[in-house]
Amino acid sequence: LMVFLPLSSYSYDDDVDIVLLDIARYQAEIAVCDYDLSLTNHSDIALAALLNSIEGIDEKVFPARSRFEFLLSISDETGLNPFSYDVNVARA
C-alpha cells in the first residue's frame, strides 16, 4: 500500500513513510493475536492499521488533502473502501 504514497504528499519528510509502515505493521501483528480480528479479511486489517497510523502523523507534515488523495489512490487501485464498515470495525 505504501507504493501509493507519493513523496510530494508528505512534505518530503523521509520519516513519514517509515513511521506509517512501522505503526501499521505493529498493529497488524497485534491483530493476529485477537480472535475476532483473525476472522476478518486481512486486507481490511491492513487498511485499518494504515488508517490508524496515518492519524499518528502531524497534519503539518502529512496534510489532510494528501491523506485523502492517498486513501483515494488506495481505493482506486485495490478496490478497498477505507470508509467501509468492516475496516472501521477493525480500527476499533
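- Side-chain contact between Leu71 and Ile54 is present, with heavy atoms from C-beta onward closer than 4.5 Å.
- Applying the side-chain contact (heavy atoms from CB on, under 4.5 Å) test to Ser84 and every residue at least two apart in sequence or in another chain returns Asn81, Asp86, Val87.
- Checking side-chain atoms of Ser38 against main-chain N and O of Val32 turns up no donor-acceptor pair under 3.5 Å.
- Here the side chains of Phe70 and Leu50 are in contact, with some heavy-atom distance below 4.5 Å.
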Practice item. Could you walk me through whether Glu55 and Arg91 pass salt bridge (Lys or Arg N to Asp or Glu O under 4.0 Å), step by step? Key: CA-CA 11 Å; Glu55 289 183 1; Arg91 291 186 71 187; 2.6 Å; yes

Would you mind writing out the side-chain donor-acceptor pairs for residues 20-31 within the sub-3.5 Å range, not counting sequence neighbours?
unit_1 : atom_1 : unit_2 : atom_2 : d
Gln27  : OE1    : Asn52  : ND2    : 3.1

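- Here the closest heavy-atom approach between residue Leu37 and residue Ala90 is recorded as CD2-CA, 3.9 Å.
- Across Ile57 and Phe62, no two heavy atoms sit closer than the pair CG2-CB, 3.5 Å.
- Residues Asp36 and Asp34 come closest through the heavy atom pair N-OD1, 2.9 Å.
- Minimum heavy-atom separation, Ser75 to Leu80: OG-O, 3.0 Å.
- Thr78 places a side-chain N or O within 3.5 Å of a backbone atom of Ile74 that can act as its donor or acceptor partner.
- In the hydrophobic clustering, Leu39 connects to Tyr35, either directly or through intervening members, whenever side-chain heavy atoms lie under 4.5 Å apart.
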